[in-house]
Peer 1: 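To start, I am sharing the structure in question, which I have written as structure tokens.
As the structure lists them, so they are numbered: ligands from 1, and atoms in each ligand from 1. Worth knowing before you read on, the calculation uses all heavy atoms, side chains too, and leaves out hydrogens, waters and symmetry mates. If you're wondering where the values come from, they're calculated on a predicted model, not measured in any experiment.
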Amino acid sequence: MTFPDKKIVDNTTNGAPSIQHSARLVAIQVITGVLSQQGALSTQLARHQQDVSSEHIPLLKELCFGVCRQYPLLNSIALHLLSHPFEEKDTDLYATLLLGLYQLGYMNTPDHAAVHETVEACRSLKKDWATKLMNAVLRRYQREADEIIGQLEAMPSVEYNHPKWLVKRFVKHWPEHFEQIIEASNSHPPMCIRVNTSVVSRETYLENLIEKGIDATIGQASPSALYLRSAIKVTELPDFEKGFSSVQDESAQLAAHILAPRSGEKVLDACAAPGGKTGHLLEFAASHQASHQNANAILDLTAVELEPWRLEKIEANLERIGLMANLQCADASELSTWWDGQAFDKILLDAPCSATGVIRRNPDIKINRKPADIDELSAIQKHIIDQVWQTLKPSGYLLYATCSLMPEENEQQIAGFLATHDDAIEVPLNTLNPDLQTEWGVPAQHGRQLFPTLKGHDGFYYCLLKKQ
Ligand SMILES: C[S@@+](CC[C@H](N)C(=O)[O-])C[C@H]1O[C@@H](n2cnc3c(N)ncnc32)[C@H](O)[C@@H]1O
């Protein structure tokens with residue numbers, strides 16, 4: 001385990017010092033929020049990024065995502081260097097130290113600038129008493145980095161850059177896929193888009209991208225997926241504002257292809273925000289409609305979401321692609337609060353989960369996810385599936401999905417469900433890409449598990465159930 005040779009370019013070191021300083025101070029606030037469990041990294045960034053000018057948002061994100069992604073290593077180094085851990089009230093100083101170590105190890109910020117910025121940050125936090133300590137700790141690290149890392153690298157959390165409990169679970173559950181899971185989860189995710197095939201074919205959209213000089217390749221599992229060679233702003237995507245494409249991981253795109261909603265069907269999207277799959281279900285049905293039908297009339301789609309602020313994201317997503325659903329802000333398991341009693345033909349239950357298949361997109365999981373969460377989430381998923389099953393018509397289909405790699409949330413969840421529901425049967429999934437003769441995922445006891453792949457799709461789980 002060593003820090004990388006090639007460091008991430010920090011273009012701001014020549015810019016106005018006050019502005020770059022502010023990006024670093026906001027990064028301290030964001031990381032402090034994550035460390036003190038005040039919310040997920042994405043929530044913290046959304047809350048604080050307006051305090052930074054738009055040109056410095058990439059630096060802010062690099063610092064925050066970087067610290068979370070490298071947290072197991074940075075945390076071990078920091079604890080090794082400190083004779084006493086910081087008290088809880090000084091979590092902001094701990095965040096400052098982690099950011100300083102990240103800049104020294106992973107960014108091209110000159111070392112003296114990284115140390116100076118970190119020490120100055122203590123003053124900005126009105127904790128001048130910590131400047132000497134911070135300076136001494138970082139300077140020691142500069143001198144002894146190789147030796148310190150050498151002493152720490154035998155720890156599984158450092159070797160694999162994941163918390164020890166997760167390493168243990170991945171080894172236990174997926175020994176053959178362990179290396180792949182770790183490598184992909186430590187990587188930067190690729191930018192994958194979903195082509196709205198109700199308005200343009202994937203081939204034509206790929207040509208449009210190439211014409212604009214945007215290099216892309218087709219996804220092998222989802223017929224609507226394209227991978228961009230490098231990430232770009234969504235506004236640079238051809239006709240993005242008209243809804244011709246959306247950013248969505250390839251594994252997540254499989255949901256609509258599996259459930260395949262058709263004209264006239266009544267469909268439930270039970271845990272819907274931010275609405276990626278809601279939009280795709282509508283696009284899928286629209287792309288299979290008779291040409292004279294109004295795209296909005298073909299699918300009677302109800303999307304239920306617990307969090308009001310997340311429901312707004314579904315609204316915005318649907319507005320952009322120009323399609324409609326009946327949006328309900330409710331707990332999907334409290335049927336009396338949102339269900340009118342008319343049964344659904346098809347249900348997508350994309351359940352809240354540990355997100356252990358998408359760690360590279362949510363690297364704060366390495367900091368805050370705990371073993372006890374898996375049992376808690378599994379109980380929540382059980383409750384939701386038991387309840388929404390009641391809203392499914394006989395002969396109807398329910399697609400259970402998570403972005404988790406934990407069997408407790410996936411195959412074991414479904415095993416428990418099948419054991420207690422005589423009217424449920426598992427339907428085998430069609431996983432074959434006929435053009436390439438490849439299959440996605442691996443078979444689980446029930447359903448199909450996908451692992452995150454380097455430069456490819458995220459980790460996901462699907463199981464299709466039918467009501468007899
Ligand atoms: C995995 S995300 C869904 C992602 C979404 N299907 C998509 O593709 O964009 C799970 C969502 O379920 C919501 N949720 C959690 N518990 C819920 C419940 N009891 N009822 C409805 N929504 C719930 C969460 O707020 C979160 O937005």
Side-chain angles (χ1 to χ4, degrees), residues 39-40 42-43 46 189 192-194 196 222 224-225 246-259 261 267-284 301-321 323 325-339 344 346-359 361-362 365 369 373-374 376-391 398-406 409-410 413 450 457-463:
S42 54
T43 317
C192 183
I193 57 171
R194 176 186 87 231
N196 181 351
S222 160
S224 45
S246 301
V247 177
Q248 189 181 38
D249 165 66
E250 185 177 16
S251 295
Q253 293 182 31
L254 294 170
H257 294 288
I258 298 169
L259 206 55
V267 176
L268 169 67
D269 184 357
C271 291
K277 298 185 192 70
T278 318
H280 195 191
L281 290 168
L282 291 162
E283 286 172 7
F284 185 97
L301 179 68
T302 300
V304 180
E305 168 58 41
L306 185 64
E307 305 281 354
W309 67 275
R310 287 175 64 82
L311 195 80
E312 285 172 20
K313 293 189 176 236
I314 312 180
E315 259 170 335
N317 272 327
L318 295 189
E319 198 177 305
R320 184 179 58 82
I321 61 174
L323 294 169
N326 164 24
L327 302 187
Q328 297 279 344
C329 189
D331 179 337
S333 65
E334 304 250 338
L335 302 187
S336 64
T337 62
W338 63 270
W339 187 42
F344 295 98
K346 290 178 178 168
I347 296 176
L348 169 62
L349 173 52
D350 188 14
C353 71
S354 62
T356 35
V358 289
I359 292 175
R361 294 187 194 278
N362 308 280
I365 287 175
R369 184 66 73 222
D373 296 347
I374 308 300
E376 254 174 57
L377 285 159
S378 159
I380 292 170
Q381 293 150 0
K382 179 181 180 324
H383 183 58
I384 300 177
I385 190 173
D386 283 350
Q387 293 305 307
V388 299
W389 183 254
Q390 298 172 39
T391 71
L398 182 147
L399 178 62
Y400 178 80
T402 72
C403 54
S404 166
L405 302 182
M406 297 292 141
E409 299 177 84
N410 298 338
Q413 182 72 263
L450 293 114
H457 58 68
D458 287 344
F460 235 86
Y461 171 81
Y462 286 110
C463 187

Peer 1: Return the CD1 to OH distance between I347 and Y400, rounded to the nearest 0.5 Å.
Peer 2: 14.0 Å
Peer 1: So is there a nitrogen or oxygen of E307 less than 3.5 Å from a nitrogen or oxygen in ligand 1?
Peer 2: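 In this structure, E307 places no N or O atom under 3.5 Å from an N or O of ligand 1.
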Peer 1: Has ligand 1 got any nitrogen or oxygen that is less than 3.5 angstrom from a nitrogen or oxygen of G275?
Peer 2: yes
Peer 1: For atom 15 (C) of ligand 1, grab the closest protein heavy atom and report residue, atom and distance to one decimal in Å.
Peer 2: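 Looking only at protein heavy atoms, the one closest to atom 15 (C) of ligand 1 is P352 CG, 3.6 Å.
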Peer 1: May I ask you to identify the nearest protein heavy atom to atom 12 (O) of ligand 1, giving residue, atom name and distance to one decimal place in Å?
Peer 2: C271 CB, 3.2 Å
Peer 1: Working to the nearest 0.5 Å, report the span between OH of Y462 and CG of L348.
Peer 2: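 The distance works out to 7.5 Å.
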Peer 1: So which of E409, E376, R369 actually passes side chain to side chain donor-acceptor pair (under 3.5 Å) with S354?
Peer 2: E409
Peer 1: With heavy-atom distances below 4.0 Å as the criterion, list the atoms of ligand 1 near A332.
Peer 2: 18 (C), 19 (N), 20 (N), 21 (C)
Peer 1: Can you tell me the protein heavy atom closest to atom 19 (N) of ligand 1 and the distance?
Peer 2: D331 OD1, 2.9 Å
Peer 1: Students should be able to answer this: which protein heavy-atom is nearest to atom 22 (N) of ligand 1, and at what distance?
Peer 2: L306 N, 3.2 Å
Peer 1: Purely on distance, is any nitrogen or oxygen of I384 under 3.5 Å from one on ligand 1?
Peer 2: no
Peer 1: Hey, could you give me the SG/CG distance between C403 and L450, rounded to the nearest 0.5 Å?
Peer 2: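 Here the interatomic distance stands at 11.5 Å.
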Peer 1: Return the closest protein heavy atom for atom 4 (C) of ligand 1 as residue, atom name and distance.
Peer 2: A273 O, 3.0 Å
Peer 1: Tell me, please: is A252 in heavy-atom contact with ligand 1, that is, under 4.0 Å?
Peer 2: no
Peer 1: Check each of A303, G276, S333, A351 against atom 7 (C) of ligand 1 and report the one with the nearest heavy atom.
Peer 2: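 Selected option, by shortest heavy-atom distance: G276.
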Peer 1: Quick one: CG on D269 to CG on N326, what's the gap to the nearest 0.5 Å?
Peer 2: 11.5 Å
Peer 1: Between the side chains of R320 and S246, does any donor sit under 3.5 Å from an acceptor?
Peer 2: yes
Peer 1: What is the closest protein heavy atom to atom 6 (N) of ligand 1, and at what distance does it sit?
Peer 2: D350 OD2, 2.7 Å
Peer 1: Does either side chain, that of Q381 or that of T402, offer a donor lying less than 3.5 Å from an acceptor on the other one?
Peer 2: no
Peer 1: Might you confirm whether atom CD of E319 has over 12 heavy atoms from other residues, nucleotides or ligands at distances under 6.0 Å?
Peer 2: no
Peer 1: Which of the numbered atoms in ligand 1 are under 4.0 angstrom from any heavy atom belonging to A330?
Peer 2: 20 (N), 21 (C)
Peer 1: Assess whether a salt bridge exists between K313 and E305, defined as any Lys/Arg side-chain N lying under 4.0 Å from an Asp/Glu carboxylate O.
Peer 2: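 The answer is no: the pair does not qualify as a salt bridge.
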Peer 1: Below 4.0 Å from ligand 1: does a non-hydrogen atom of C353 turn up there or not?
Peer 2: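 Per 4.0 Å heavy-atom rule, C353 does not contact ligand 1.
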Peer 1: Please check whether K277 reaches ligand 1 - meaning an N/O of the residue sits under 3.5 Å from an N/O of the ligand, judged on distance alone.
Peer 2: yes
Peer 1: Purely on distance, is any nitrogen or oxygen of E305 under 3.5 Å from one on ligand 1?
Peer 2: yes
Peer 1: Between the side chain of R194 and the main-chain N/O of G276, is any donor-acceptor distance below 3.5 Å?
Peer 2: yes
